[in-house]
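Right, one structure below, let's go through it.
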Amino acid sequence: MKNIRIIPRLDIKGPNVVKPVQTEALKIVGNPADLAGFYYSQGADELLYMDIVASLYERNLDFDLLKSVAENIFIPLTVGGGIRTIHDVNNALRAGADKVAINTHAVRNPKFITEAAREFGSQSVVLSIEAKKQADGTWEAYTDGGREHSGVNAVEWAKKGIEFGAGEILLTSVDQDGTRKGYDLELIKKITVFADIPVIVYGGAGSLESVLGVIREGGADAVSAASIFHYRDFSIADVKNHLRANGINVRI
Amino acid sequence: MGGTAEVTEDANVITESKAVVLPGVGSFEAGMRGLKLKNLVGAIKEFAASNRPMLGICLGAQLMLSRGNEFGVFDGLDIVKGEVVRFPPLENKEKIPQIGWNSVYKSGLPWEGSIFDSVPDYFNAYFVHSYVLVPDSRENIFGTTEYGGYEFCSAFKSGNVYGCQFHPEKSGHVGLEIIKNFLKLV
(Lines give C-alpha, C1' and ligand atoms only; values in the text may rest on other atoms or scores of the structure.)
Protein backbone atom coordinates (compact mmCIF):
# COMPACT_ATOMS: atom_id res chain seq x y z
CA MET A 1 0.00 0.00 0.00
CA LYS A 2 1.22 3.48 -0.74
CA ASN A 3 2.65 5.81 1.87
CA ILE A 4 0.07 8.03 3.55
CA ARG A 5 1.23 11.65 3.69
CA ILE A 6 1.28 13.68 6.91
CA ILE A 7 0.82 17.38 6.18
CA PRO A 8 1.03 20.05 8.91
CA ARG A 9 -1.13 23.05 8.17
CA LEU A 10 -0.07 26.65 8.71
CA ASP A 11 -2.94 29.14 8.88
CA ILE A 12 -1.55 32.54 8.06
CA LYS A 13 -2.90 35.89 9.14
CA GLY A 14 -0.66 38.85 8.44
CA PRO A 15 2.87 37.89 9.45
CA ASN A 16 1.82 35.13 11.85
CA VAL A 17 0.83 31.52 11.95
CA VAL A 18 -2.46 31.44 13.83
CA LYS A 19 -4.84 28.79 14.96
CA PRO A 20 -8.52 29.56 14.66
CA VAL A 21 -11.09 27.58 16.58
CA GLN A 22 -14.09 27.20 14.33
CA THR A 23 -13.12 30.45 12.56
CA GLU A 24 -13.78 32.57 15.64
CA ALA A 25 -11.10 32.80 18.33
CA LEU A 26 -7.57 33.27 17.02
CA LYS A 27 -4.30 32.46 18.70
CA ILE A 28 -0.84 33.29 17.39
CA VAL A 29 1.22 30.12 17.40
CA GLY A 30 4.40 31.14 15.68
CA ASN A 31 6.41 32.57 12.82
CA PRO A 32 5.71 31.11 9.35
CA ALA A 33 9.30 30.54 8.22
CA ASP A 34 10.37 29.10 11.57
CA LEU A 35 7.41 26.77 11.86
CA ALA A 36 7.71 25.61 8.26
CA GLY A 37 11.40 24.89 8.76
CA PHE A 38 10.67 23.07 12.00
CA TYR A 39 8.04 20.78 10.46
CA TYR A 40 10.28 20.14 7.45
CA SER A 41 13.11 19.04 9.74
CA GLN A 42 10.65 16.91 11.74
CA GLY A 43 9.68 14.77 8.76
CA ALA A 44 6.56 16.44 7.37
CA ASP A 45 5.75 15.00 3.93
CA GLU A 46 4.29 18.25 2.64
CA LEU A 47 3.12 21.53 4.09
CA LEU A 48 -0.15 23.37 3.74
CA TYR A 49 0.05 27.17 3.86
CA MET A 50 -3.33 28.92 3.95
CA ASP A 51 -3.94 32.63 4.27
CA ILE A 52 -7.21 32.61 6.16
CA VAL A 53 -8.34 36.19 5.55
CA ALA A 54 -7.23 36.92 2.00
CA SER A 55 -10.55 35.79 0.58
CA LEU A 56 -12.64 37.54 3.20
CA TYR A 57 -10.71 40.80 2.86
CA GLU A 58 -10.75 40.48 -0.92
CA ARG A 59 -7.00 40.78 -1.26
CA ASN A 60 -4.10 38.49 -2.15
CA LEU A 61 -1.89 36.58 0.20
CA ASP A 62 1.55 38.03 0.87
CA PHE A 63 3.72 36.50 -1.86
CA ASP A 64 6.93 37.89 -0.36
CA LEU A 65 6.22 36.19 2.94
CA LEU A 66 5.46 32.99 1.05
CA LYS A 67 8.79 33.25 -0.77
CA SER A 68 10.69 33.60 2.50
CA VAL A 69 8.95 30.48 3.82
CA ALA A 70 9.37 28.39 0.66
CA GLU A 71 13.06 29.16 0.27
CA ASN A 72 14.27 26.83 2.96
CA ILE A 73 11.99 23.88 2.69
CA PHE A 74 12.43 21.15 0.11
CA ILE A 75 9.16 19.30 0.37
CA PRO A 76 5.98 20.11 -1.57
CA LEU A 77 4.14 23.23 -0.46
CA THR A 78 0.44 23.77 -1.12
CA VAL A 79 -0.70 27.35 -0.86
CA GLY A 80 -4.19 28.82 -0.61
CA GLY A 81 -6.05 31.99 0.31
CA GLY A 82 -7.54 34.49 -2.12
CA ILE A 83 -6.47 32.67 -5.29
CA ARG A 84 -8.89 34.13 -7.84
CA THR A 85 -7.10 34.39 -11.19
CA ILE A 86 -4.56 32.53 -13.29
CA HIS A 87 -2.24 35.40 -12.42
CA ASP A 88 -2.64 34.62 -8.71
CA VAL A 89 -1.88 30.95 -9.35
CA ASN A 90 1.20 31.92 -11.33
CA ASN A 91 2.39 34.27 -8.59
CA ALA A 92 1.94 31.62 -5.95
CA LEU A 93 3.86 29.02 -7.96
CA ARG A 94 6.66 31.49 -8.70
CA ALA A 95 6.87 32.40 -5.04
CA GLY A 96 7.54 28.78 -4.21
CA ALA A 97 4.24 26.96 -4.07
CA ASP A 98 4.12 23.56 -5.75
CA LYS A 99 0.33 23.40 -5.68
CA VAL A 100 -2.42 25.93 -5.10
CA ALA A 101 -5.58 25.34 -3.11
CA ILE A 102 -8.67 27.09 -4.43
CA ASN A 103 -12.05 27.37 -2.75
CA THR A 104 -14.15 30.53 -2.96
CA HIS A 105 -13.45 31.42 -6.54
CA ALA A 106 -13.89 27.83 -7.71
CA VAL A 107 -17.31 27.65 -6.09
CA ARG A 108 -18.33 30.87 -7.84
CA ASN A 109 -16.76 29.84 -11.14
CA PRO A 110 -15.98 26.12 -11.44
CA LYS A 111 -14.37 26.63 -14.85
CA PHE A 112 -11.50 28.27 -12.97
CA ILE A 113 -10.46 24.76 -11.87
CA THR A 114 -10.25 23.65 -15.51
CA GLU A 115 -8.38 26.77 -16.59
CA ALA A 116 -5.82 26.42 -13.84
CA ALA A 117 -5.41 22.69 -14.54
CA ARG A 118 -4.95 23.34 -18.23
CA GLU A 119 -2.38 26.05 -17.64
CA PHE A 120 -0.37 24.49 -14.83
CA GLY A 121 -1.35 20.84 -14.81
CA SER A 122 -4.04 19.23 -12.68
CA GLN A 123 -1.41 18.06 -10.18
CA SER A 124 -0.95 21.74 -9.25
CA VAL A 125 -4.64 22.31 -8.51
CA VAL A 126 -6.09 21.28 -5.16
CA LEU A 127 -9.80 21.86 -4.64
CA SER A 128 -10.30 23.01 -1.06
CA ILE A 129 -13.75 22.21 0.34
CA GLU A 130 -14.75 23.60 3.73
CA ALA A 131 -17.75 21.53 4.73
CA LYS A 132 -20.18 22.39 7.52
CA LYS A 133 -22.93 20.06 8.62
CA GLN A 134 -26.45 21.35 8.16
CA ALA A 135 -29.59 20.65 10.16
CA ASP A 136 -30.88 18.30 7.45
CA GLY A 137 -27.83 16.05 7.77
CA THR A 138 -26.12 17.19 4.58
CA TRP A 139 -22.94 19.28 4.40
CA GLU A 140 -22.71 22.70 2.80
CA ALA A 141 -19.52 24.01 1.18
CA TYR A 142 -18.48 27.24 2.86
CA THR A 143 -16.37 29.93 1.24
CA ASP A 144 -14.15 32.79 2.43
CA GLY A 145 -12.14 30.72 4.84
CA GLY A 146 -15.06 28.65 6.03
CA ARG A 147 -17.24 31.66 6.91
CA GLU A 148 -19.82 32.21 4.20
CA HIS A 149 -22.75 30.13 2.95
CA SER A 150 -22.60 29.11 -0.66
CA GLY A 151 -25.78 27.07 -0.89
CA VAL A 152 -23.74 24.31 -2.50
CA ASN A 153 -23.86 20.69 -1.29
CA ALA A 154 -20.28 19.79 -0.37
CA VAL A 155 -20.41 16.16 -1.49
CA GLU A 156 -21.97 17.04 -4.86
CA TRP A 157 -19.42 19.80 -5.23
CA ALA A 158 -16.59 17.33 -4.70
CA LYS A 159 -17.98 15.20 -7.54
CA LYS A 160 -18.19 18.23 -9.80
CA GLY A 161 -14.74 19.44 -8.84
CA ILE A 162 -13.23 16.14 -9.92
CA GLU A 163 -15.02 16.42 -13.27
CA PHE A 164 -13.72 19.95 -13.72
CA GLY A 165 -10.16 18.71 -13.41
CA ALA A 166 -8.92 19.11 -9.85
CA GLY A 167 -5.82 17.06 -9.06
CA GLU A 168 -6.57 16.56 -5.36
CA ILE A 169 -9.25 17.42 -2.84
CA LEU A 170 -8.51 19.08 0.50
CA LEU A 171 -11.54 18.27 2.61
CA THR A 172 -11.99 20.31 5.79
CA SER A 173 -14.60 19.78 8.44
CA VAL A 174 -15.44 23.28 9.64
CA ASP A 175 -17.28 21.80 12.64
CA GLN A 176 -14.34 19.74 13.85
CA ASP A 177 -11.54 22.17 13.02
CA GLY A 178 -9.66 23.23 16.15
CA THR A 179 -11.60 20.95 18.48
CA ARG A 180 -9.14 18.05 18.57
CA LYS A 181 -12.19 15.83 18.99
CA GLY A 182 -11.73 13.71 15.89
CA TYR A 183 -12.35 13.98 12.15
CA ASP A 184 -15.84 13.98 10.64
CA LEU A 185 -15.68 10.38 9.41
CA GLU A 186 -19.20 10.39 8.03
CA LEU A 187 -18.44 13.34 5.75
CA ILE A 188 -15.08 11.97 4.70
CA LYS A 189 -16.40 8.53 3.79
CA LYS A 190 -19.10 10.09 1.62
CA ILE A 191 -16.36 11.56 -0.57
CA THR A 192 -13.57 9.01 -0.44
CA VAL A 193 -16.03 6.34 -1.58
CA PHE A 194 -16.14 7.86 -5.09
CA ALA A 195 -13.07 10.10 -5.35
CA ASP A 196 -10.53 8.75 -7.84
CA ILE A 197 -8.15 11.59 -7.01
CA PRO A 198 -6.34 11.81 -3.67
CA VAL A 199 -8.28 13.22 -0.73
CA ILE A 200 -6.37 15.12 1.93
CA VAL A 201 -8.43 15.41 5.11
CA TYR A 202 -8.26 18.19 7.66
CA GLY A 203 -10.13 19.26 10.77
CA GLY A 204 -10.42 17.50 14.10
CA ALA A 205 -7.23 15.49 14.58
CA GLY A 206 -7.00 14.84 18.30
CA SER A 207 -5.72 11.47 19.45
CA LEU A 208 -3.33 9.24 17.55
CA GLU A 209 -6.30 6.90 17.15
CA SER A 210 -8.25 9.60 15.33
CA VAL A 211 -5.48 9.91 12.75
CA LEU A 212 -5.31 6.14 12.32
CA GLY A 213 -9.09 5.94 12.02
CA VAL A 214 -9.42 8.58 9.33
CA ILE A 215 -7.02 6.56 7.19
CA ARG A 216 -8.24 3.07 7.96
CA GLU A 217 -11.97 3.72 8.11
CA GLY A 218 -12.17 7.06 6.35
CA GLY A 219 -10.08 6.16 3.33
CA ALA A 220 -7.98 9.34 3.48
CA ASP A 221 -4.96 9.44 1.16
CA ALA A 222 -3.26 12.15 3.19
CA VAL A 223 -3.83 13.66 6.60
CA SER A 224 -3.42 17.31 7.49
CA ALA A 225 -3.47 18.70 11.03
CA ALA A 226 -2.64 21.89 12.85
CA SER A 227 -3.51 22.00 16.54
CA ILE A 228 -1.94 18.70 17.54
CA PHE A 229 1.34 19.85 16.01
CA HIS A 230 1.27 23.56 16.90
CA TYR A 231 0.40 22.81 20.53
CA ARG A 232 2.91 19.95 20.63
CA ASP A 233 0.34 17.33 21.62
CA PHE A 234 2.23 15.03 19.28
CA SER A 235 5.26 15.23 17.06
CA ILE A 236 5.16 14.16 13.42
CA ALA A 237 7.26 11.15 14.46
CA ASP A 238 4.68 10.21 17.13
CA VAL A 239 1.97 10.16 14.49
CA LYS A 240 4.04 8.26 11.93
CA ASN A 241 5.23 5.68 14.46
CA HIS A 242 1.69 5.02 15.61
CA LEU A 243 0.48 4.58 12.04
CA ARG A 244 3.36 2.31 11.18
CA ALA A 245 2.80 0.18 14.27
CA ASN A 246 -0.76 -0.30 13.03
CA GLY A 247 0.12 -1.38 9.52
CA ILE A 248 -0.16 1.93 7.70
CA ASN A 249 2.75 2.74 5.39
CA VAL A 250 4.36 6.12 5.94
CA ARG A 251 7.65 7.68 4.89
CA ILE A 252 10.07 7.40 7.79
CA MET B 1 24.40 24.73 -3.50
CA GLY B 2 27.52 26.16 -5.09
CA GLY B 3 26.48 26.44 -8.73
CA THR B 4 25.02 29.23 -10.79
CA ALA B 5 21.93 28.32 -12.73
CA GLU B 6 20.27 30.08 -15.59
CA VAL B 7 16.74 29.46 -16.76
CA THR B 8 16.83 29.60 -20.51
CA GLU B 9 14.88 29.09 -23.71
CA ASP B 10 17.90 29.93 -25.83
CA ALA B 11 19.53 27.13 -27.83
CA ASN B 12 22.87 28.92 -27.76
CA VAL B 13 22.90 29.06 -23.97
CA ILE B 14 22.26 25.32 -23.87
CA THR B 15 25.07 24.60 -26.31
CA GLU B 16 27.54 26.58 -24.22
CA SER B 17 26.48 25.27 -20.81
CA LYS B 18 28.46 22.94 -18.61
CA ALA B 19 25.35 21.10 -17.46
CA VAL B 20 21.68 21.08 -18.37
CA VAL B 21 18.62 20.34 -16.30
CA LEU B 22 15.44 19.59 -18.17
CA PRO B 23 12.50 19.97 -15.82
CA GLY B 24 8.86 19.68 -16.76
CA VAL B 25 5.31 19.24 -15.69
CA GLY B 26 2.37 18.72 -17.98
CA SER B 27 1.72 16.43 -20.90
CA PHE B 28 4.30 14.76 -23.14
CA GLU B 29 2.82 16.28 -26.27
CA ALA B 30 2.75 19.78 -24.81
CA GLY B 31 6.33 19.40 -23.59
CA MET B 32 7.64 18.38 -27.03
CA ARG B 33 5.55 21.06 -28.70
CA GLY B 34 7.12 23.68 -26.46
CA LEU B 35 10.65 22.46 -27.20
CA LYS B 36 10.02 22.42 -30.94
CA LEU B 37 8.44 25.86 -30.82
CA LYS B 38 11.56 27.30 -29.21
CA ASN B 39 13.89 25.36 -31.52
CA LEU B 40 15.57 23.61 -28.62
CA VAL B 41 15.39 20.00 -29.77
CA GLY B 42 18.67 20.04 -31.74
CA ALA B 43 20.66 21.85 -29.05
CA ILE B 44 19.43 19.50 -26.32
CA LYS B 45 20.19 16.35 -28.33
CA GLU B 46 23.66 17.63 -29.24
CA PHE B 47 24.33 18.50 -25.61
CA ALA B 48 23.37 14.99 -24.52
CA ALA B 49 25.49 13.44 -27.27
CA SER B 50 28.52 15.37 -25.98
CA ASN B 51 28.12 13.47 -22.69
CA ARG B 52 28.13 16.63 -20.62
CA PRO B 53 26.02 16.23 -17.45
CA MET B 54 22.31 16.34 -18.09
CA LEU B 55 19.43 15.72 -15.71
CA GLY B 56 15.83 15.30 -16.78
CA ILE B 57 13.21 15.60 -14.06
CA CYS B 58 9.69 14.18 -14.22
CA LEU B 59 8.28 15.17 -17.63
CA GLY B 60 11.79 16.29 -18.62
CA ALA B 61 13.02 12.73 -18.08
CA GLN B 62 10.08 11.33 -20.03
CA LEU B 63 10.77 13.62 -22.98
CA MET B 64 14.31 12.23 -23.18
CA LEU B 65 13.01 8.82 -24.26
CA SER B 66 11.99 7.85 -27.79
CA ARG B 67 8.22 7.94 -27.64
CA GLY B 68 5.38 9.06 -25.41
CA ASN B 69 1.87 7.58 -25.37
CA GLU B 70 -0.18 10.30 -23.68
CA PHE B 71 -3.22 11.44 -25.72
CA GLY B 72 -1.68 9.70 -28.77
CA VAL B 73 1.80 8.61 -29.86
CA PHE B 74 4.43 11.33 -29.99
CA ASP B 75 8.15 11.37 -30.68
CA GLY B 76 10.42 12.31 -27.81
CA LEU B 77 14.00 13.51 -27.86
CA ASP B 78 15.24 9.91 -28.31
CA ILE B 79 18.30 10.56 -26.12
CA VAL B 80 17.72 7.23 -24.36
CA LYS B 81 15.85 4.48 -26.19
CA GLY B 82 12.52 3.69 -24.63
CA GLU B 83 8.82 4.43 -24.26
CA VAL B 84 6.67 6.40 -21.85
CA VAL B 85 3.50 4.53 -20.96
CA ARG B 86 0.62 5.02 -18.58
CA PHE B 87 0.41 3.10 -15.31
CA PRO B 88 -1.58 -0.11 -15.86
CA PRO B 89 -4.55 -0.79 -13.51
CA LEU B 90 -3.00 -1.13 -10.07
CA GLU B 91 -3.40 -3.39 -7.06
CA ASN B 92 -5.26 -2.14 -3.99
CA LYS B 93 -7.10 0.31 -6.25
CA GLU B 94 -4.15 2.68 -5.90
CA LYS B 95 -4.94 6.04 -7.47
CA ILE B 96 -3.41 7.44 -10.61
CA PRO B 97 -1.50 9.79 -10.64
CA GLN B 98 0.86 8.64 -7.95
CA ILE B 99 1.20 11.65 -5.68
CA GLY B 100 3.51 11.23 -2.73
CA TRP B 101 6.62 9.61 -1.37
CA ASN B 102 7.93 6.26 -2.54
CA SER B 103 11.16 4.28 -2.36
CA VAL B 104 13.76 4.25 -5.12
CA TYR B 105 15.87 1.08 -5.12
CA LYS B 106 19.23 0.34 -6.68
CA SER B 107 18.64 -1.93 -9.65
CA GLY B 108 21.95 -3.44 -10.76
CA LEU B 109 23.92 -0.43 -11.93
CA PRO B 110 26.36 0.83 -9.30
CA TRP B 111 25.59 4.20 -7.76
CA GLU B 112 29.15 5.22 -6.89
CA GLY B 113 30.35 8.29 -8.75
CA SER B 114 26.87 9.01 -10.05
CA ILE B 115 24.14 11.41 -8.97
CA PHE B 116 23.18 8.79 -6.37
CA ASP B 117 26.71 8.60 -5.00
CA SER B 118 26.71 7.98 -1.23
CA VAL B 119 22.92 7.90 -1.17
CA PRO B 120 21.58 4.87 0.80
CA ASP B 121 20.72 1.75 -1.26
CA TYR B 122 17.15 2.80 -1.20
CA PHE B 123 15.76 6.24 -0.48
CA ASN B 124 12.42 8.01 -0.40
CA ALA B 125 11.56 10.52 -3.08
CA TYR B 126 8.52 12.54 -4.09
CA PHE B 127 6.56 11.47 -7.15
CA VAL B 128 3.73 13.12 -9.10
CA HIS B 129 2.98 11.24 -12.31
CA SER B 130 0.53 9.17 -14.30
CA TYR B 131 3.04 7.93 -16.88
CA VAL B 132 6.19 5.87 -16.39
CA LEU B 133 9.59 5.51 -18.02
CA VAL B 134 10.24 2.24 -19.86
CA PRO B 135 13.80 2.25 -21.22
CA ASP B 136 14.42 -0.41 -23.93
CA SER B 137 17.64 -1.60 -22.33
CA ARG B 138 18.00 -2.78 -18.74
CA GLU B 139 21.47 -1.27 -18.87
CA ASN B 140 19.94 2.18 -18.62
CA ILE B 141 17.75 1.39 -15.62
CA PHE B 142 19.32 3.04 -12.64
CA GLY B 143 16.59 3.04 -10.01
CA THR B 144 13.30 1.17 -9.62
CA THR B 145 10.17 1.84 -7.61
CA GLU B 146 7.00 -0.09 -6.92
CA TYR B 147 3.50 1.40 -6.81
CA GLY B 148 0.29 -0.57 -6.65
CA GLY B 149 2.16 -3.81 -7.23
CA TYR B 150 3.73 -2.45 -10.41
CA GLU B 151 7.50 -2.08 -10.58
CA PHE B 152 8.82 0.63 -12.85
CA CYS B 153 11.99 2.53 -13.71
CA SER B 154 12.23 5.62 -11.52
CA ALA B 155 15.65 6.72 -12.75
CA PHE B 156 17.71 6.06 -15.89
CA LYS B 157 21.35 6.68 -16.77
CA SER B 158 23.33 6.79 -19.97
CA GLY B 159 26.84 7.99 -19.28
CA ASN B 160 26.46 11.44 -17.74
CA VAL B 161 22.88 11.76 -18.90
CA TYR B 162 20.31 11.06 -16.18
CA GLY B 163 16.57 11.08 -15.85
CA CYS B 164 14.55 10.98 -12.62
CA GLN B 165 10.83 10.36 -12.59
CA PHE B 166 10.68 11.81 -9.08
CA HIS B 167 11.42 15.40 -8.09
CA PRO B 168 14.81 15.70 -6.34
CA GLU B 169 14.02 19.33 -5.56
CA LYS B 170 10.98 18.24 -3.54
CA SER B 171 12.57 15.21 -1.92
CA GLY B 172 14.03 16.77 1.21
CA HIS B 173 17.61 16.15 2.26
CA VAL B 174 18.28 13.20 -0.02
CA GLY B 175 17.01 15.23 -2.95
CA LEU B 176 19.47 17.97 -2.13
CA GLU B 177 22.27 15.35 -1.98
CA ILE B 178 21.32 14.19 -5.47
CA ILE B 179 21.40 17.73 -6.80
CA LYS B 180 24.78 18.32 -5.13
CA ASN B 181 26.10 15.13 -6.74
CA PHE B 182 24.86 16.30 -10.13
CA LEU B 183 26.72 19.58 -9.71
CA LYS B 184 29.87 17.62 -8.82
CA LEU B 185 29.76 15.98 -12.24
CA VAL B 186 30.47 19.32 -13.91
Side-chain angles (χ1 to χ4, degrees), chain A residues 1-7 37 39-47 70-78 93-94 96-99 116-126 162 166-170 192-200 219-223 236 240 248-252, chain B residues 1 7 23-31 34 57-60 62 70-71 87 89-104 120 122-131 145-150 152 165-180:
Chain A
M1 300 289 303
K2 69 172 179 233
N3 290 323
I4 299 295
R5 294 169 274 155
I6 302 301
I7 309 177
Y39 291 137
Y40 167 56
S41 71
Q42 291 276 299
D45 296 312
E46 298 183 18
L47 288 178
E71 250 161 21
N72 294 307
I73 62 155
F74 301 96
I75 53 177
L77 184 62
T78 301
L93 297 176
R94 280 183 188 279
D98 297 292
K99 313 182 225 176
R118 209 164 267 163
E119 187 71 25
F120 303 103
S122 61
Q123 78 291 330
S124 308
V125 181
V126 178
I162 295 172
E168 287 176 285
I169 290 177
L170 168 62
T192 58
V193 73
F194 64 75
D196 58 0
I197 60 175
V199 178
I200 307 162
D221 300 285
V223 171
I236 292 166
K240 287 192 172 186
I248 303 291
N249 288 334
V250 286
R251 168 183 81 116
I252 297 288
Chain B
M1 296 241 71
V7 177
V25 264
S27 77
F28 192 97
E29 187 271 321
I57 296 174
C58 197
L59 177 66
Q62 293 177 353
E70 185 174 7
F71 305 133
F87 271 117
L90 299 168
E91 279 170 20
N92 302 317
K93 298 195 207 153
E94 292 293 15
K95 296 181 181 179
I96 297 168
Q98 170 176 214
I99 300 181
W101 294 83
N102 205 341
S103 306
V104 177
Y122 74 90
F123 61 89
N124 283 312
Y126 193 83
F127 290 81
V128 187
H129 64 126
S130 306
Y131 285 74
T145 296
E146 184 253 304
Y147 180 65
Y150 177 71
F152 62 94
Q165 180 62 70
F166 58 88
H167 287 264
E169 77 282 12
K170 297 184 200 177
S171 296
H173 298 302
V174 82
L176 293 178
E177 271 308 301
I178 292 169
I179 294 170
K180 251 188 231 158

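In what follows, chains are A, B, ... by sequence order, proteins preceding strands, each numbered from 1.
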Side chains of Met1(A) and Glu91(B), heavy atoms from C-beta outward: is any pair under 4.5 Å?
no
Once you round to the nearest 0.5 Å, how far does OH of Tyr147(B) lie from NZ of Lys2(A)?
4.5 Å
Centroid-centroid distance, His167(B) to Phe74(A), less than 6.0 Å
no
Working to the nearest 0.5 angstrom, can you tell me the gap between Arg5(A) CZ and Tyr126(B) OH?
5.0 Å
Please find the pair of heavy atoms, one from Ile99(B) and one from Gly167(A), that lie closest to each other, and give the distance.
CD1-O, 4.2 Å
Candidate list Val250(A), Ile4(A), Ile75(A), Ile252(A), test side chain to side chain contact (heavy atoms under 4.5 Å, CB included), partner Trp101(B), passing option:
Ile75(A)
Glu169(B) versus chain A, the contacting section by heavy-atom distance below 4.5 Å:
backbone
Keeping the roles fixed (side chain from Lys95(B), backbone from Asp196(A)), state whether a donor-acceptor pair exists under 3.5 Å.
no
Which atoms of Asn249(A) are under 4.5 Å from chain B, going by heavy atoms: the side chain, the backbone, both sets, or neither?
neither
Segment of His129(B) engaging chain A (4.5 angstrom heavy-atom cut-off):
neither
Name the region of Ile96(B), side chain, backbone, both or neither, that has any atom closer than 4.5 Å to a heavy atom of chain A.
backbone
